Amino acid sequence: MNFYDILKNFQIDGEFVSCEPYGSGLINRTYVAVYKTAKGQVRYILQKINSKLFTNVDGLMNNIKLVTEFNRGEIAKRGGDPLRESLTLVYTHDGKAYYKTSDDEYYRVYVFIEQAKGYDVVEKPEHFYESAVAFGKFAQLLDRFDSSQLFEVLPDFHNTVKRFENFKKSLQADKLNRAKDVKAEIDFALSQEKYVSTIVDLLNSKKMPWRVTHNDTKLNNVLIDTNTDKAVCVIDLDTMMPGSICYDFGDSIRFGCNPCLEDTPETEKVIFSMPLFEEYARGYLSVFGDTITKVEKAHLPMGAILMTYECGIRFLTDYLDGDVYFRLKREGQNVDRTRTQFKLVKDMHAGYDKMCNIIDKY
Ligand code: ADP
Ligand code: GN1
Ligand code: MG
């Protein structure tokens with residue numbers, strides 16, 4: 001089915017001009033669609049939902065619908081601009097949040113947030129600080145929202161113990177005989193076993209609260225205003241689920257405190273940035289104030305280590321499985337991604353005490 005035929009099912013005014021691939025997400029396929037209207041050109045985000053992963057698209061889209069509608073109401077109440085500060089779904093002509101093609105492909109459309117950008121590396125420290133405040137506020141918003149309405153999209157998404165077990169299963173199977181190419185990475189992955197259950201155990205024993213979290217808090221999932229450098233909107237709401245804020249904090253740290261791209265082949269240039277860690281911690285904690293528990297606060301550095309490690313073993317597992325999960329642009333990309341994560345984990349272990357001191361400061 002061509003884009004025109006897909007898009008005509010949505011409540012979009014104007015004349016179709018074009019539709020091209022857009023953004024750098026690894027899971028869904030994102031396109032920008034352009035329409036000509038009396039007021040000039042208007043853009044939309046069209047996304048093909050990865051329905052191999054998100055098997056209950058109805059449940060997924062209902063979550064996004066509920067949260068974005070709630071969010072828009074809250075933003076309007078405080079005089080903000082809901083069309084800019086929240087994702088806005090464009091519904092189909094029959095009022096649905098997504099469109100299913102005759103080939104069982106699923107598409108959704110969002111209003112395009114103009115004059116804003118998602119960054120793949122930190123270009124200005126203030127962007128990182130801003131993203132911390134945005135993710136922190138988003139988490140607090142979800143705290144006020146009746147989360148019992150949400151469907152758990154990907155159970156055990158950040159269950160590091162299960163991720164470790166999956167890694168070991170793939171290693172055991174080694175179905176493409178690739179383990180021999182990544183021996184050092186495998187050894188490092190196995191060496192970290194003693195840490196993997198730290199946060200999962202705290203959550204399961206209720207020593208750490210379960211909260212509804214975003215679960216994919218990389219910098220490119222916040223749009224930053226290209227004129228003011230302020231955070232505009234948190235995007236990519238597919239993984240909102242019960243989780244730990246230590247993991248949300250940690251995912252931002254793993255992605256942002258690295259001067260290189262996540263998939264750089266130049267691993268030797270990857271280095272964990274303590275000043276950026278401080279920048280993010282300052283922003284995140286400024287939002288949480290007294291609402292963060294002592295246990296959560298004490299485990300923010302471990303959240304960063306574990307989230308980075310978990311992402312590393314997910315990339316490594318995917319390499320061993322034959323690159324079936326994360327989108328690739330070239331051979332070996334998952335190995336480079338793994339190496340980046342593991343280099344960061346090593347640096348974070350070395351800087352652990354410093355990270356704890358920084359957290360104590362705020
Ligand atoms: P994925 O799940 O594949 O990461 P995202 O939802 O994060 O997909 O979208 C991919 C990219 O598309 C984002 O990084 C961002 O640059 C861009 N994008 C997504 N939604 C919008 C929007 N409403 N307005 C402008 N850009 C957007
Ligand atoms: C994926 O969808 P995207 O590209 O924002 C992945 C995250 C990983 C990330 C690594 C649903 O995020 O968990 O941390 O890649 N999302 C899913 O870049 O698996
Ligand atoms: Mg994304």
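Keep in mind the model is a prediction, meaning the values are calculated, not measured. Atoms within a ligand are numbered from 1 in the order they appear, just like the ligands themselves. If you read the sequence from its start, that first residue is 1, and numbering goes on from there.
For Lys218 and Asp251, the salt-bridge test fails: no basic side-chain N is under 4.0 Å from an acidic carboxylate O. Under a 4.0 Å N-O distance rule, the pair Arg254/Glu262 qualifies as a salt bridge.
Using cut-offs of 30° and 60° for the angle between ring planes, the Tyr284 and Phe288 rings count as tilted. Ring-plane geometry between Tyr99 and Phe10 is classed as perpendicular, the angle between the planes exceeding 60 degrees on a 0 to 90 degree scale with a lower cut at 30. Classified by interplanar angle (parallel below 30°, tilted 30° to 60°, perpendicular above 60°), the ring pair Phe342/Phe188 is tilted.
Near-neighbour remark for the Mg ion (ligand 3): protein N, O or S atoms under 2.8 Å are Asn221 OD1, Asp236 OD2; waters not counted.
If you look at His349 and Tyr195, their ring centroids are closer than 6.0 Å.
Judged by the 6.0 Å and 45° rule, Arg108 forms no cation-pi pair with Tyr98. Geometric assessment of Lys36 against the ring of Phe16 yields a negative cation-pi assignment under the 6.0 Å and 45° thresholds. With a 6.0 Å cutoff to the six-membered ring centre and a 45° limit on the axis angle, Arg314 does not count as a cation-pi contact of Phe326.
Inspection of the Glu310 and Thr160 side chains reveals an N or O donor paired with an N or O acceptor under 3.5 Å. Side-chain contact, Asn28 with Thr30: no donor N or O sits under 3.5 Å from an acceptor N or O.
Within 4.0 Å of ligand 2, heavy atoms belong to protein residues Gly25, Leu26, Ile27, Leu53, Phe157, Asp216, Lys218, Asn221, Asp236, Thr239, Arg254, Glu262, Cys311, Arg314, Phe315, Tyr325, Phe326.
Here ring pair (Phe, Tyr, Trp, His ring centres under 6.0 Å) pairs that include residues 200-241, with residues two or more places apart or in two chains, are Phe135-His214, Phe138-His214.
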Please tabulate, one line per pair, the protein N or O atoms found under 3.5 Å from any N or O atom of ligand 1, giving the distance to one decimal.
residue: ligand 1; atom: 2 (O); partner: Asn28; partner atom: ND2; Å: 3.1
residue: ligand 1; atom: 2 (O); partner: Asp236; partner atom: OD1; Å: 3.2
residue: ligand 1; atom: 2 (O); partner: Asp236; partner atom: OD2; Å: 3.0
residue: ligand 1; atom: 3 (O); partner: Asn28; partner atom: N; Å: 3.2
residue: ligand 1; atom: 4 (O); partner: Asp236; partner atom: OD2; Å: 2.9
residue: ligand 1; atom: 6 (O); partner: Gln47; partner atom: NE2; Å: 2.8
residue: ligand 1; atom: 7 (O); partner: Asn221; partner atom: OD1; Å: 3.0
residue: ligand 1; atom: 7 (O); partner: Asp236; partner atom: OD2; Å: 3.0
residue: ligand 1; atom: 8 (O); partner: Gln47; partner atom: NE2; Å: 3.2
residue: ligand 1; atom: 9 (O); partner: Gln47; partner atom: NE2; Å: 3.2
residue: ligand 1; atom: 14 (O); partner: Asn220; partner atom: O; Å: 3.3
residue: ligand 1; atom: 23 (N); partner: Val111; partner atom: O; Å: 3.0
residue: ligand 1; atom: 24 (N); partner: Ile113; partner atom: N; Å: 2.9

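Side chains of Thr308 and Ile253 form no contact here, defined as non-hydrogen atoms less than 4.5 Å apart.
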